[in-house]
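Encoded as structure tokens, the structure appears first; notes follow it.
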Amino acid sequence: MTHTIQPNNPETTRAPDATDIPAAAPGPAAASAVPAALKRRIPKYSDLAPLMQFKKPEFSKEARLKRASTVWELRDIAKRRTPQAPFDYTDGAAEGEITLRRAREAFLDIEFRPGILRNVSKIDLSTEILGKPSRLPVGIAPTGFTRMMQSEGEYAGSQAAEAAGIPYTLSTMGTASIEDVAAAAPNGRNWFQLYLWTDRDRSLELIERAAKAGNDTLMVTVDTAVAGARLRDVRNGMTIPPALTVKTVLDASYRPAWWFNFLTHEPLTFASLSRYTGTVADLINSMFDPTLTFEDLDWLRETWKGKLVVKGIQTVEDARRVVDHGADGVVLSNHGGRQLDRAPIPFHLLPEVKQAFTADNSGAAIMLDTGIMSGADIVAALALGADFTLIGRAYLYGLMAGGRAGVDRTLQILEKDMARTMALLGVSKVSELTPDHVRLLNK
């Protein structure tokens, strides 16, 4: 008779047969085989005391922010504390929001390639951007109507950036004046973002004010020939300032702190306007010039004596061309997905632009925004060739979650993320990051 012998599985214990089982010793000897540590007993108070570390519940803003360990958790807090219309204005994008979703997925679809046995006892996150140092390789992007998100608005952003040693960019559509932001953060590095208007005299006035207030960089945005179809704003009836309708009053009943702050502070004013009432799309379409060409960029280069950056670059050809017309840097950006849906993803475009600039021996800075929600995202962008990154939504989530303290918390989270990611990659300096540290999946 043939016997089949099954291969051994080292993770499976063979069931013993009767001949393998030794006869149990009778009586007390069997009980003594149980280790003392496995015998049940009534616990002593001295054993329980070290485990009984009950803490008094904390409900303060500081405690709430401290519990947030990711930007996503700050977003959750922001959503609970902010009325729907301003929250959706920040959180939303154009049309089906496909571009925003793809931009965030781009940072997920990577593989880090760590190096081992490197000395990473000290991590240096400092870098240089546009000729000056920055303590972190990230700055605050220009955001419109910021005091509508939370009453501290641009003041919180600029002061947090000053404290962190990074640049802050004030938007043309910011709800604080160029002069007031400069006064709020006198030792900060302030940049000004410009939308070129149909009225060139008004644009020139803004440029002169920015220079006089000490802004060293002008960032001109070029992807807003017309307003994008931001459908959340349409559905919410979003206006500037927010209107007190039946819907907003009901919404306010769940978020009284926001409305109290909004109604008891100075009404919204703008870096470029004294007052405005209407929809965001109407404002953009009435102010911004759809006839802009590269000749207008030449005019800006002649007019502005500081660093000039062009934001809204979405092709390699345009990146090269704006540098040829005098730009000191570019921001690869699709406006956070808020203009053209299905637009190119800056993170995917980054290696191509880096390769083109290297081939051209260009010293122009490459910056990137859109989709950044963690320090690991920033490290990935730097590894693939970015000189610097900018955050918009990420810092606004912190602002809505807790004002200035919330912005500080955002930057703390990102800094900790970056330091940890670099250490695990075996990198101690930003300059040591290379494309070898990141692999794009599904590309």
Side-chain angles (χ1 to χ4, degrees), residues 85-86 88-103 141-146 148 169-175 192-204 206-207 218-241 268 270-273 275-300 309-315 317-319 321-322 325 327 330-346 349 369-371 390 392-393:
D88 278 353
Y89 176 78
T90 298
D91 195 59
E95 301 179 41
E97 304 189 356
I98 296 168
T99 298
L100 176 58
R101 185 165 60 252
R102 288 177 178 172
T143 57
F145 319 121
T146 313
M148 183 177 62
T169 315
L170 175 66
S171 169
T172 298
M173 309 312 297
T175 43
F192 183 69
Q193 177 270 333
L194 177 72
Y195 287 114
L196 272 173
W197 295 4
T198 53
D199 184 345
R200 286 293 186 272
D201 290 337
R202 295 292 300 277
S203 296
L204 182 58
L206 286 176
I207 293 170
L218 185 70
M219 182 183 294
V220 59
T221 298
V222 294
D223 58 5
T224 51
V226 296
R230 302 171 191 176
L231 300 184
R232 288 205 217 182
D233 295 346
V234 174
R235 297 183 187 111
N236 290 330
M238 175 69 173
T239 62
I240 306 297
L268 298 185
F270 298 84
S272 54
L273 299 169
R275 292 287 188 277
Y276 177 81
T277 300
T279 68
V280 177
D282 288 344
L283 176 59
I284 291 174
N285 288 332
S286 66
M287 287 178 54
F288 303 156
D289 189 353
T291 69
L292 292 180
T293 68
F294 283 91
E295 292 180 358
D296 296 289
L297 192 58
D298 293 334
W299 174 78
L300 269 180
V309 173
V310 179
K311 180 178 181 287
I313 298 299
Q314 299 174 68
T315 68
E317 304 90 86
D318 282 345
R321 195 169 178 188
V322 297
H325 282 262
V330 298
V331 181
L332 307 184
S333 171
N334 55 39
H335 214 103
R338 298 163 68 80
Q339 286 295 101
L340 175 66
D341 209 9
R342 300 180 180 86
I345 303 306
L349 181 64
D369 71 10
T370 305
L390 297 169
R393 285 185 180 91

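We number each residue from 1, following the sequence as shown.
- Put simply, NE2 on His325 and OG1 on Thr293 are 8.5 Å apart, with the number rounded to the nearest 0.5 Å.
- Note that CD of Gln339 is 10.0 Å distant from CD of Glu95, once rounded to the nearest 0.5 Å.
- Smallest separation of non-hydrogen atoms from Ala85 and Asn236: CA-ND2, 3.9 Å.
- Between Leu332 and Val330, the closest side-chain pair of non-hydrogen atoms falls below 4.5 Å.
- Between Leu218 and Val309, the closest side-chain pair of non-hydrogen atoms is not below 4.5 Å.
- Here the OG1-CE distance, from Thr146 to Met173, works out to 10.5 Å after rounding to the nearest 0.5 Å.
- Interatomic distance, Leu204 CG to Trp299 CH2, rounded to the nearest 0.5 Å: 5.0 Å.
- Qualifying side-chain contact (heavy atoms from CB on, under 4.5 Å) partners for Asp318, counting only residues two or more places apart in sequence or in other chains: Phe294, Ile313, Thr315.
- Residues passing the side-chain hydrogen bond (donor to acceptor under 3.5 Å, both in side chains) test with Thr221, sequence neighbours excluded: Gln193.
- Residues that satisfy the side-chain contact (heavy atoms from CB on, under 4.5 Å) test with Asp91, not counting sequence neighbours, are Arg75, Phe87, Arg232, Tyr397.
- Shown here for Gly92 and Arg393, the closest heavy-atom pair between the two residues is O-NH2, 2.6 Å.
- How far CZ of Phe192 is from CD1 of Ile207: 8.5 Å, rounded to the nearest 0.5 Å.
- Closest approach of Gly96 to Arg101, counting heavy atoms only: O-NH1, 3.8 Å.
- Annotation: side-chain contact (heavy atoms from CB on, under 4.5 Å) contacts of Thr291 (sequence neighbours excluded): Asp289.
- Between Asp223 and Lys311, no side-chain nitrogen of the basic residue sits less than 4.0 Å from a carboxylate oxygen of the acidic one, so the salt-bridge criterion is not met.
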Step-by-step salt bridge (charged side-chain N to carboxylate O under 4.0 Å, His left out) determination, Arg235 to Asp88: CA-CA 10 Å; Arg235 297 183 187 111; Asp88 278 353; over 6 Å; no
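- For the residue pair Arg338 and Arg230, the shortest heavy atom distance occurs at O-NE, 3.0 Å.
- Between Thr143 and Gly392 the shortest heavy-atom distance is CG2-CA, 4.1 Å.
- With sequence neighbours left out, the side-chain contact (heavy atoms from CB on, under 4.5 Å) criterion links Thr99 to Asn334, Asp341, Ala343, Ile345.
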Evaluate the criterion side-chain contact (heavy atoms from CB on, under 4.5 Å) for residue pair Met219 and Leu390; output intermediate values, then yes/no. CA-CA 12 Å; Met219 182 183 294; Leu390 297 169; 3.9 Å; yes
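- The two residues Tyr195 and Ser203 have their closest heavy-atom pair at O-OG, 4.2 Å.
- Ser333 pairs by the side-chain hydrogen bond (donor to acceptor under 3.5 Å, both in side chains) definition with Asp369, not counting sequence neighbours.
- If you take CG on Leu206 and CZ on Arg202, they are separated by 7.0 Å, rounding to the nearest 0.5 Å.
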